[in-house]
Every structure is written in C-alpha cells, then in structure tokens.
Amino acid sequence: MTLQSERAEIFRNLHIKGKPVILFNIWDAGSATTVAGAGAHAIATGSAPVAMANGFTDGEKIPMSSALENATRIVNAVNLPVTLDFEGAYSAEPKGIATNVSKALQTGIVGFNFEDQIVGEAGLYDIGVQSQRVAAMRSACQSEGIDAFINARTDIFLKAKADTHSDAMLDEAITRGKAYEDSGASGFFVPGLVDEALIEKLCEQVTLPVNIIALPGAPSNARLADLGVARISYGPVPYRKMVSWMTEEAKKVLGDL
C-alpha cells in the first residue's frame with residue numbers, strides 16, 4: 001500500500017458519527033503546518049481562503065494549475081492526510097471531471113469537497129446530472145488506485161437565509177444525499193445548515209457521514225457531535241479572522257507616526 005493510500009484509509013476512518021473529525025481549514029503550506037502543529041488529525045483546504053490568499057475571488061477563479069501546485073506544497077509540508085476543496089472540479093462534464101480528478105490525485109491529496117452548485121450561476125445541478133458527476137469523480141479515483149474521500153456537497157441551505165430553512169428543503173437534501181451515496185460519495189457536506197432539529201434529522205436519514213460547517217450561529221462542536229455529525233469544518237472562518245486581526249494590527253502600526 002502506498003503512503004497516499006494509507007493516508008486515504010486513515011482519513012476515511014476519522015469520520016465517525018457522534019465523534020466528528022475537526023477540520024480547521026487552511027490555505028497554504030504555512031497555515032497547514034501551523035494547524036498540524038496544533039494537533040490536527042487531518043488537513044483541509046478551503047476554496048475561498050486559497051483563492052483569496054492568492055489574489056483571486058472564490059468560484060474557480062484561481063487557475064486549477066495554481067490550486068494544484070498549492071495542494072502539492074501543502075501535502076509535502078505535513079505528515080497528515082490532506083483533503084482538497086475542489087469546488088466543481090473545474091468542469092461541468094463528467095469526462096472533464098475525471099481528467100481533473102486524476103490530475104488532482106497526483107498531488108498526493110486523499111479527499112475532495114465536490115459541490116452541486118453550478119459554478120458562476122445561482123442554481124444547482126439536477127440530481128441526476130450531479131449524480132453522474134459524482135460517479136465520474138469516483139471512477140477517476142478508482143482508475144488512479146486511490147480510495148479518495150468524496151465529500152459531496154449540496155448548497156441548498158447555503159443559498160438561503162437560515163430563517164427560511166424548512167423541512168421541504170431538508171427532504172430535498174436527504175434525497176440528494178442518498179443519490180450521491182449511490183453514485184460513490186463518501187460523505188455529505190451541507191454548508192449553511194445550523195438548525196439543530198434539521199441537522200439531527202439529516203444525520204438520522206442519510207447513511208453517509210454528515211459534514212457541518214461551523215459558521216456563526218451553528219451549534220457548538222459538542223452539540224453537533226450529539227446530533228450525529230461526523231465532520232466539522234470551518235471553511236473561510238479562520239482566514240477571515242486572520243485577515244481581520246492583521247488589518248487591525250497594521251492600522252495600529254501604520255498609524256503610529
């Protein structure tokens with residue numbers, strides 16, 4: 001078994017319902033080594049932090065080649081599993097997804113975030129279409145001989161205000177989660193969902209390990225564990241806090257004279 005395969009297995013086994021793996025998202029090799037040194041069990045990039053740290057906006061604006069070069073540096077900097085936020089895999093079509101996933105796996109990463117929103121547009125892919133896209137990602141992983149963790153993401157809740165989240169939206173999310181599982185997904189990522197009752201029902205109804213992002217207003221990590229969550233990530237929060245701190249410190253220094 002290769003080191004990459006070993007790390008893929010380690011990463012998969014970290015996802016336990018009720019005992020979630022904590023992923024404090026990073027954006028480069030330096031932030032990765034910092035989080036690793038703090039005791040992380042795995043490292044996860046965030047697409048927005050990576051893009052912003054390199055002078056781009058989110059939404060596949062950073063060239064894929066640059067994102068993968070960055071991923072390579074991160075993998076080489078830490079002795080931990082690394083998962084890549086690959087957005088929409090830089091392709092709408094299954095063939096392009098498979099090609100890009102194969103390239104991404106060459107960096108040594110062992111997992112992907114893969115979203116169902118249409119990059120650059122307001123809507124989501126049809127469930128059937130997105131299921132084919134997930135299947136293409138899984139097929140590419142199998143061809144490369146890496147059992148990568150595909151964290152299939154739905155943006156149903158992220159695209160709506162928290163006070164509008166409903167049982168009907170949850171039912172659609174559950175349907176998507178089950179379809180993505182059938183297509184080869186390893187986990188189900190539901191960013192934007194913060195309501196405890198909805199999170200608990202989702203964890204009960206979807207077999208896949210559920211990933212909740214710790215945005216402001218979300219339940220505590222301990223409470224998310226109680227609800228059955230298997231993965232807690234932080235997305236752009238660490239980067240934004242770092243930028244806020246740096247801005248204030250710079251203002252103090254630059255205002256001294």
**Asked** Under the side-chain contact (heavy atoms from CB on, under 4.5 Å) criterion, do Ile62 and Val50 qualify, and how do the steps go?
**Response** CA-CA 8 Å; Ile62 183 173; Val50 168; 4.1 Å; yes
**Request:** Scan side-chain atoms only and decide if Gln4 and Arg7 contain a donor-acceptor pair under the 3.5 Å cut-off.
**Result:** no
**Request:** Show your reasoning for whether salt bridge (charged side-chain N to carboxylate O under 4.0 Å, His left out) applies to Arg176 and Asp171.
**Result:** CA-CA 9 Å; Arg176 285 180 176 267; Asp171 289 342; over 6 Å; no
**Request:** Take Val35 and Leu23 through the test side-chain contact (heavy atoms from CB on, under 4.5 Å) and record every step on the way to the result.
**Result:** CA-CA 9 Å; Val35 172; Leu23 298 175; over 6 Å; no
**Message:** Is there a side-chain contact between Tyr125 and Ser131 in this structure, where contact means two heavy atoms from C-beta onward sitting under 4.5 Å apart?
**Reply:** no
**Closest non-hydrogen atom pair, Phe56 against Pro63** = CZ-CD, 3.6 Å
**Prompt:** Just wondering, do Thr45 and Trp27 contact through their side chains at under 4.5 Å, heavy atoms?
**Reply:** no
**Sub-6.0 Å ring centroid separation between Phe11 and His41** = no
**Request:** Please examine the side chains of Ser66 and Asn54, heavy atoms only from C-beta on, and report whether any two atoms are closer than 4.5 Å.
**Result:** no
**Asked** Is Ile118 close to Leu124 at the side-chain level, that is, under 4.5 Å between some pair of heavy atoms?
**Response** no
**Asked** With a cut-off of under 6.0 Å to the ring centre and 45° to the axis, is Arg153 in cation-pi contact with Phe188?
**Response** no
**Prompt:** Under 3.5 Å, is there a donor-acceptor pair between the side chain of Ser233 and the main chain of Gly235?
**Reply:** no
**Prompt:** Would you say the side chains of Glu87 and Gln117 form a donor-acceptor pair under 3.5 Å?
**Reply:** no
**Request:** Find out if a path of hydrophobic residues (ILVMFWY) with successive side-chain heavy-atom gaps under 4.5 Å connects Ile43 to Phe24.
**Result:** yes
**Asked** Which distance, rounded to the nearest 0.5 Å, do you find between the CD of Glu115 and the CZ of Arg133?
**Response** 8.5 Å
**Request:** Would you give the length of the straight line joining atom CG of Leu14 to atom NZ of Lys19, rounded to the nearest 0.5 angstrom?
**Result:** 9.5 Å
**Request:** Report the C-alpha separation of Glu249 and Lys252 in whole Å, then their side-chain angles, then the decisive distance to 0.1 Å, and conclude whether the salt bridge (charged side-chain N to carboxylate O under 4.0 Å, His left out) test is met.
**Result:** CA-CA 5 Å; Glu249 292 301 307; Lys252 292 176 185 177; 3.2 Å; yes
**Item:** Ionic contact status for Lys201 with Asp195, cut-off 4.0 Å
**Value:** no
**Request:** Carefully, step by step, assess Asp28 and Arg73 under the rule salt bridge (charged side-chain N to carboxylate O under 4.0 Å, His left out).
**Result:** CA-CA 8 Å; Asp28 61 11; Arg73 289 192 292 271; over 6 Å; no
**Message:** Show the nearest heavy-atom pair for residues Ile74 and Ala29, with the distance to one decimal.
**Reply:** CG1-N, 3.7 Å
**Asked** With no hydrogens and no angle check, is any side-chain donor or acceptor of His15 less than 3.5 Å from a backbone partner on Gly187?
**Response** no
**Prompt:** Would you say Val190 and Asn211 make side-chain contact, with heavy atoms under 4.5 Å?
**Reply:** no
**Request:** Could you please spell out the steps behind the side-chain contact (heavy atoms from CB on, under 4.5 Å) verdict for Cys203 and Val229?
**Result:** CA-CA 6 Å; Cys203 293; Val229 171; 4.0 Å; yes
**Message:** Hydrophobic clustering (ILVMFWY, side-chain heavy atoms < 4.5 Å, transitive) - are Ile146 and Ile109 grouped together?
**Reply:** yes
**Asked** Is there a side-chain contact (heavy atoms from CB on, under 4.5 Å) between Met52 and Thr57 once you walk through the steps?
**Response** CA-CA 6 Å; Met52 290 185 288; Thr57 55; over 6 Å; no
**Message:** Minimum heavy-atom separation for Val134 and Phe114, please, with both atom names.
**Reply:** N-CE2, 3.8 Å
**Prompt:** So do Val110 and Val82 actually touch side chain to side chain, heavy atoms under 4.5 Å?
**Reply:** no
**Request:** Compute whether any side-chain donor of one residue and acceptor of the other, for Tyr239 and Asn25, lie under 3.5 angstrom apart.
**Result:** no
**Request:** Group every Ile, Leu, Val, Met, Phe, Trp and Tyr by side-chain heavy-atom contacts under 4.5 Å, then state whether Val210 and Ile16 land in the same group.
**Result:** no
**Asked** Does any donor atom in the side chain of Ser47 or Asp58 lie under 3.5 Å from an acceptor atom in the other side chain?
**Response** yes
**Ser244 side-chain N/O to Arg240 backbone N/O, donor-acceptor pair under 3.5 Å** = no
**Message:** I need the minimum non-hydrogen distance between Pro209 and Ala230, along with the two atoms involved.
**Reply:** CB-CB, 3.6 Å
**Message:** If you count every heavy atom of other residues, nucleotides or ligands that lies below 6.0 Å from Glu204 atom CD, does the total exceed 12?
**Reply:** yes
**Message:** Between Ser102 and Thr99, is there a side-chain donor-acceptor contact under 3.5 Å, judged purely by atom types and distance?
**Reply:** no
**Complete:** Closest non-hydrogen contact found for Ser186 with Ala148 is OG-O, 3.7 Å
**Item:** Close side-chain approach of Leu68 and Phe86, heavy atoms under 4.5 Å
**Value:** yes
**Prompt:** Side chains of Thr83 and Asn151: closer than 4.5 Å at any heavy-atom pair?
**Reply:** no
**Request:** Provide the closest heavy-atom pair for Gly192 versus Phe157 in the form atom of the first, atom of the second, distance.
**Result:** C-CB, 4.1 Å
